[in-house]
Amino acid sequence: MVDMSGLNQEQLEAVLTTNGPLLVLAGAGSGKTRVITFRLAKLINNGVSPKSVLCLTFTNKAATEMKERARALVGKSVRGTTISTFHALGARILRAHPEAVGLRPSFTITDGAEQVGTIRRILRTLRIDDRKFDPKRIMAQLSQAKNAGIDASAFRSMEGVLPHLVEASQEDEEYQLAAIEVYERYELALQSQNVVDFDDLLLLTLRLLHGSDEVRNRLRDRWQYIMVDEYQDTNGAQLELLRQLTGPMKNLCVVGDDDQSIYGWRGADVRNILGFEKHFVGAKKIMLLTNYRSTGHILSVANAIIEHNPGRYEKRLRSAGHDGEPVHISSVEDEEVEAEEVARKILSLTESGVSPGDIAVLFRSNVQARPVELALRASHIPYRMVGGLNLFDRREVKDVIAYLRVLHNPDEDQALRRIVNWPPRGIGDTTIKRVDNWAREEQLGLLEALSRADEVDGLNPRSVAAALGLVSLFDEHRHRLNSQKSSTVVKKLLSAAGVESALLAGADDPAAAERRVENVRALVRQLERYEQRMKKKQKNEAMEVDVEPEEDLDLAPEIENASLEGFLADLALTGIEDARRKDERDDQVVLSTIHAAKGLEWLHVYLIGWEEELLPHRRTLLEHAELAEERRLAYVAVTRAKKYLTITWARRRQRFGQNVERQPSRFLENLPDESVIRLEDKVNPPKTESEEREIARDWLGKIRANLEAKRTTPKS
DNA sequence: GCTACAGATGTTTTT
DNA sequence: CATCTGTAGC
């Protein structure tokens, strides 16, 4: 039996409501994850087969965490439960039925960055200037369409109703026609390479379920209970997927917080959570409003910020604890002073015994990190940037992954293009252009065309030989995959291609070269670790007596096997284990964007750059829907703090090399007086030393006066 | 095939 | 201002 005595009334009700559609509105810090895991445990205790439960999350991290917590609660019977991200689930379903959606079994998942390149190439073949129509913008638009569940043919038939093109100018219309054309060609390009992008993992799964009653019904029968975490971040395609999977049973429980929906720009649709009761008729709604994280003052600031938003479930978080310290709001001269102030305060905290790991500095955009980094470094305060540059984004890592992809999937032209002449092997631009044209005429893949380079007109013998050499390099090593471990083959391939020596030779700075080589080795090591993990897993499964016979018609194994294919899928879906992550320690101050901080919490939080045009960001000030999202972002930021919260804004800031006068963020207006201490000057202070000192004294006076006022008139 | 320079661009990024 | 990208020219 699971001990539920630790749950509060609301939480308990959510856990015990196991049948029918259920919406759990879980405010920040209200024990959301607990509810989900306890509810899973409760289901299994009620005798529901673990196999008929499906838990969906958005991130791998959340999925892993849920698995661990569930295991701790109900033991290894969770094994049968499918706990997965939406995308990984899509991948598994597609793996089981690739042909039904026009894929060949060995299809691979692109990692995003390549997609823009594909768009750019398509634009070129359409003779459209990619400076006129930004490929990135088109890619984003296609992605939005896919996230809404709109495929290329639907996109074409919707011509003219694209949301942001309502008042279409001549150029908009041109753009739109181009986008339609590009979408269709993009899909064809992916299909011919046997590749899917992330969005396809949802869209193609939908197509499969729409097209096959048989598969859909089997999956419906299989999952009698479905739970979804972070529901406010789901998109149109995911809603449709849930509809398909639930069917008439509709034991669907979604958990989320509309006020924390901050990924609209990436396709998330708040209307999913706002309209849940309409989408799933008869739904019950439970609100978790007791916050176990933050003090009363912090929560009243948070509530005041979010209250202004239209179109939300009305709710006020209440603190389970004390009022605590008021929130400090101050203005500073410019971003450098801002950073120095923050560093100074952090230093005095750590000197008085606070662990750096209990402190975070959060900002709207990454450029704001630099001055803070400099100031922290100057003060010898240990810090860590979350997010930021990913190992994935490193050029050499992408190049090596391209090698792996071509090795596994010879049709992947886009990957091949990346490395066809890297390291340099005498296949220059002209050669590629000629082969490319010929390939198009003959309807061949690029690698295949290279293998017949001798048939291409106008190539000199040297180029032909180089092309054939490259082809046989891949053929040979692909052949070896049958008899040798992938990691062994990969190592041989990379060294035969001369990757490491090219990295070392083509270096301006030896240290950088060394780092690049190290990044490549890290990737290979990850492949080795992957193989070991799979081997162990297979052994474990073979030893388990009660392992069910392989009857999964519609769901491929979570991860394939110790193959290159499995590794690539794993890589695409769960990313690279960053080598830096192992030096991630919990005694470092965290620097993070607000987005990347969602779900996390710290004792002390500093929110910097609360200015108009930064938060809310300049580019969102035009559309009202987006302004609401900025406000939610501010809300998410504030609710990260447990005990102490400081918000700053700069009266002046460098922007694109110019000093710009700034105004405080509108989100700082109308906050409850009793919960904040304001140390703001609306104008920049004069610069002389004596004047500065005077101002400092003045501020000190204000602090005292403020504190005094708070003490004599306690919160009514 | 590589270097150097001009020109554009400058929000967030779970998969 | 600073960083990245594409291209011209060697």
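Labels below follow one simple rule: chain letters A, B, ... track the order of the sequence lines, proteins then strands, and each chain is numbered from 1.
Using a 4.0 Å heavy-atom cutoff across all strands shown, A/R370 reaches sugar-phosphate atoms only and no base atom. At a threshold of 4.0 angstrom between heavy atoms, the contacts of A/D233 include nucleobase atoms, whether or not backbone atoms are also involved. Contacts of A/Y263 with the nucleic acid, taken as non-hydrogen atoms under 4.0 Å apart, include base atoms. In this structure, A/G609 reaches neither bases nor backbone, as no heavy-atom distance under 4.0 Å exists between it and the strands shown. Within 4.0 Å of A/N60, counting heavy atoms only, lie sugar-phosphate atoms of the nucleic acid but no base atom.
Considering only side-chain atoms of A/H595, the nucleotide from B/dT12, B/dC2, C/dT3 that sits closest is B/dT12. For A/T59, whose side chain is taken as the heavy atoms from C-beta onward, the closest listed nucleotide among B/dG1, B/dT14, B/dT13 is B/dT14. Comparing B/dG10, B/dT13, B/dT15 by their closest approach to the side chain of A/F656 singles out B/dG10. Across B/dT14, B/dT12, C/dT3, the shortest atom-to-atom separation from the side chain of A/T593 is found for B/dT12. Side-chain atoms of A/R120 lie closest to C/dG6 of the nucleotides C/dG6, B/dT15, B/dT12. Among the nucleotides B/dG10, B/dT15, B/dT12, the one closest to any side-chain atom of A/H87 is B/dT15. Of the candidates B/dT15, B/dG10, B/dT13, B/dT13 carries the atom nearest the A/A596 side chain, counting heavy atoms from C-beta on.
Figure legend: A/R121 and A/Y186 shown without cation-pi pairing, the cationic atom not lying both under 6.0 angstrom from the six-membered ring centre and within 45 degrees of its axis.
Distance CG (A/L633) to P (B/dT13): 10 Å, rounded to an integer number of Å. Following rounding to the nearest Å, A/E65 (CD) and B/dT14 (C1') show an atom-to-atom distance of 14 Å. Atom CD1 in A/I427 sits roughly 14 Å away from atom P in B/dC2 (whole-Å rounding). Distance A/D429 CG to C/dG6 C1': 12 Å, rounded to the nearest Å. In this structure, A/K32 places its NZ atom 12 Å from C1' of B/dT14, rounding to the nearest Å. We find that CG of A/D269 is positioned 20 Å from P of B/dT15, with the value rounded to whole Å. One can place CG of A/N235 at 18 Å from P of B/dT13, the figure rounded to the nearest angstrom. Going from atom CZ of A/R652 over to atom P of C/dC1 covers 16 Å, rounded to whole Å.
Along DNA chain B, the nucleotide nearest A/E230 and the nucleotide nearest A/K136 are compared for position; the residue whose nucleotide lies closer to the 5' end is A/K136.
No N or O donor and acceptor, one from the side chain of A/R266 and one from the base of B/dT14, sit under 3.5 Å apart.
Partners of A/S592 under the side chain to side chain contact (heavy atoms under 4.5 Å, CB included) rule, at least two apart in sequence or in another chain, are A/L362, A/V386, A/V590, A/A596, A/A597.
By the 4.5 Å heavy-atom criterion applied to side chains, A/I419 and A/V400 are not counted as neighbours.
For A/K146 and A/E187, the salt-bridge test passes: some basic side-chain N is under 4.0 Å from an acidic carboxylate O.
Taking atom P on both nucleotides, C/dT3 is separated from B/dT12 by 15 Å, rounded to a whole Å.
Taking side-chain N and O atoms only, A/N366 has a distance below 4.0 Å to OP1 or OP2 of B/dT13.
We find that the ring of A/W265 and the base of B/dT12 stack, their centres lying under 5.5 angstrom apart and their planes tilted less than 30°.
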_Under the criterion ring pair (Phe, Tyr, Trp, His ring centres under 6.0 Å), I'd like the reasoning laid out for A/W265 against A/H595: C-alpha separation, chi angles, the key distance, then a yes or no._
CA-CA 12 Å; A/W265 51 274; A/H595 282 93; 5.7 Å; yes
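Judged purely by distance below 3.5 Å, without hydrogens or angles, the side chains of A/N409 and A/S106 never pair a donor atom with an acceptor atom.
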